[in-house]
> 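Can you keep this structure in mind? I'll have questions shortly.
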Amino acid sequence: MSQYTYDEVADWFLAKGEGKISPKKLQKLVYYAYAWTLTLLNDSAEKLTNKLFDDGRFEAWVHGPVIHGLYSEYSEYGFNNISKPKTRPIFTEDIEDVLNQVWDVYGKYNADQLESMTHQESPWKNARKDLSPLDSSSNFISDKDIFNCYIKRIA
């Protein structure tokens with residue numbers, strides 16, 4: 001069981017982004033942090049015990065992976081940047097390292113670019129199955145699909 005929540009991960013990115021993160025970008029950064037933690041801190045797709053958080057699952061929405069609770073928390077901002085100041089939570093050294101790597105790789109992209117990236121990846125595609133790009137969906141993205149997608153990038 002993880003010791004962190006998706007809100008803590010979101011707060012970390014919001015503090016790091018200093019008011020330059022929209023709700024959609026935040027969702028994608030939290031998704032990539034979750035995905036890379038799952039991939040880097042587990043040995044196989046059959047035993048995914050090391051997770052960044054346990055309190056939210058990603059759904060394959062039209063605009064990419066979304067945690068419904070995180071969406072609800074920041075939906076009032078629409079496409080605008082989240083101005084609510086946050087204090088950066090403290091994580092273990094391993095998790096902090098993953099979060100910094102995610103920030104370094106993905107933080108430079110805007111929300112639409114990150115959305116496009118997730119749309120080209122198998123976890124989101126698999127969860128959406130035969131839905132058209134504009135069909136709404138609450139299908140969950142599988143942790144196994146996430147692991148199997150990203151492990152190929154480091155093998």
> Tyr6 and Gly69: which non-hydrogen atoms are nearest, and at how many Å?
OH-CA, 3.4 Å
> Does Ile154 share a hydrophobic cluster with Leu48, counting links as ILVMFWY side-chain heavy atoms below 4.5 Å and allowing steps through other members?
yes
> If you round to the nearest 0.5 Å, how far is CG of Asp11 from OG1 of Thr87?
8.0 Å
> Picking from Glu115, Lys28, Gln27, what satisfies side-chain hydrogen bond (donor to acceptor under 3.5 Å, both in side chains) with His63?
Glu115
> Of all heavy-atom pairs between Tyr74 and Lys86, which one has the smallest distance, and what is that distance?
OH-CE, 3.3 Å
> Using modelled atom types and a 3.5 Å cut-off, is there a donor and acceptor pairing between side-chain atoms of Ser22 and backbone atoms of Phe79?
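No.
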> Could you state the interatomic distance from CG (Leu114) to OH (Tyr109), rounded to the nearest 0.5 Å?
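So the gap between those two atoms works out to 8.5 Å.
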> Report yes or no: does Ser116 contribute a side-chain atom to a donor-acceptor pair with the main-chain N or O of Asp112 at less than 3.5 Å?
no
> Distance-only, no hydrogens or angles: does the Asn100 side chain make a donor-acceptor pair with backbone N or O of Glu96 under 3.5 Å?
yes
> At their closest point, which heavy atom of Phe140 faces which heavy atom of Ala127, and how far apart are they?
O-CB, 3.6 Å
> Once the angle between the rings of Tyr32 and Tyr106 is folded into 0 to 90°, is it parallel (under 30°), tilted (30 to 60°) or perpendicular (over 60°)?
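The rings of Tyr32 and Tyr106 lie parallel, inter-plane angle below 30°.
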> Roughly how far, to the nearest 0.5 Å, is NZ of Lys125 from OG1 of Thr118?
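Between Thr118 OG1 and Lys125 NZ, I get 11.0 Å after rounding to 0.5 Å.
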> Any donor-acceptor pair under 3.5 Å linking the side-chain atoms of Asn81 with those of Lys25?
no
> Any link between Val66 and Leu38 through a network of hydrophobic side chains (Ile, Leu, Val, Met, Phe, Trp, Tyr) touching at under 4.5 Å?
no
> Ignoring hydrogens and angles, tell me if any N or O in the side chain of Asn42 forms a donor-acceptor pair with the backbone of Thr49 under 3.5 Å.
yes
> Determine all donor-acceptor pairs shorter than 3.5 Å in which one atom belongs to a side chain in residues 141-148; sequence neighbours excluded.
{"from": "Ser142", "atom 1": "OG", "to": "Lys144", "atom 2": "N", "distance (Å)": "3.1"}
{"from": "Ser142", "atom 1": "OG", "to": "Asp145", "atom 2": "N", "distance (Å)": "3.0"}
{"from": "Asp143", "atom 1": "OD1", "to": "Tyr34", "atom 2": "OH", "distance (Å)": "2.9"}
{"from": "Asp143", "atom 1": "OD2", "to": "Tyr34", "atom 2": "OH", "distance (Å)": "2.9"}
{"from": "Asp143", "atom 1": "OD2", "to": "Lys51", "atom 2": "NZ", "distance (Å)": "3.0"}
{"from": "Lys144", "atom 1": "NZ", "to": "Glu46", "atom 2": "OE1", "distance (Å)": "3.3"}
{"from": "Asp145", "atom 1": "OD2", "to": "Asn126", "atom 2": "ND2", "distance (Å)": "3.3"}
{"from": "Asn148", "atom 1": "ND2", "to": "Lys144", "atom 2": "O", "distance (Å)": "3.2"}

> Counting only heavy atoms not in Asp43 (residues, nucleotides, ligands), do more than 12 fall under 6.0 Å from its CG?
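It does not: Asp43 CG has 12 such atoms or fewer within range.
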> Would you find a donor on one side and an acceptor on the other, under 3.5 Å apart, between the side chain of Arg88 and the backbone of Ala15?
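Looks like no, no N/O pair under 3.5 Å.
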> Quick check on side chain to side chain contact (heavy atoms under 4.5 Å, CB included): which of Ile67, Val9, Ile21 does Leu26 satisfy it with?
Ile21
> Excluding sequence neighbours, so at least two apart, what forms ring pair (Phe, Tyr, Trp, His ring centres under 6.0 Å) with Tyr4?
Phe91
> Is there a path of hydrophobic side-chain contacts, each under 4.5 Å between heavy atoms, that joins Phe58 and Tyr71?
no
> Checking Asn50 side chain against Thr37 main chain: does a donor-acceptor pair fall under 3.5 Å?
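Such a contact is absent between Asn50 side chain and Thr37 backbone.
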> Minimum heavy-atom separation for Leu40 and Val98, please, with both atom names.
CD1-CG2, 4.1 Å
> Taking all atoms of both residues into account, what is the closest heavy-atom pair of Lys24 and Ala111, and its distance?
CE-CB, 3.7 Å
> Would you compute the distance between atom OG1 of Thr92 and atom CD1 of Ile90 and round it to the nearest 0.5 angstrom?
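That separation rounds to 11.0 Å.
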> Which pairs with one or both residues in residues 111-136 pass ring-ring contact (aromatic ring centres under 6.0 Å, His included), sequence neighbours excluded?
His119-Trp124
> Over all heavy atoms of both residues, which pair between Leu99 and Ala33 is shortest? Give the atoms and the distance, please.
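Taking every non-hydrogen atom into account, CD2-CB, 3.6 Å.
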> Is any side-chain N of the basic residue among Arg153 and Glu121 closer than 4.0 Å to the acidic one's carboxylate O?
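Looking at Glu121 together with Arg153, the answer is yes, because their closest N to O distance falls below 4.0 Å.
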> Output the distance between atom OG (Ser2) and atom CD1 (Ile95), rounded to the nearest 0.5 Å.
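Output value for this atom pair is 7.0 Å.
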> Membership question, hydrophobic clusters at under 4.5 Å side-chain separation (ILVMFWY): are Tyr31 and Val62 in the same one?
no
> State the NZ-OG distance between Lys152 and Ser122, to the nearest 0.5 angstrom.
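Between atom NZ of Lys152 and atom OG of Ser122 there are 5.5 Å.
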> Is there a path of hydrophobic side-chain contacts, each under 4.5 Å between heavy atoms of I, L, V, M, F, W or Y residues, that connects Trp61 with Leu29?
no
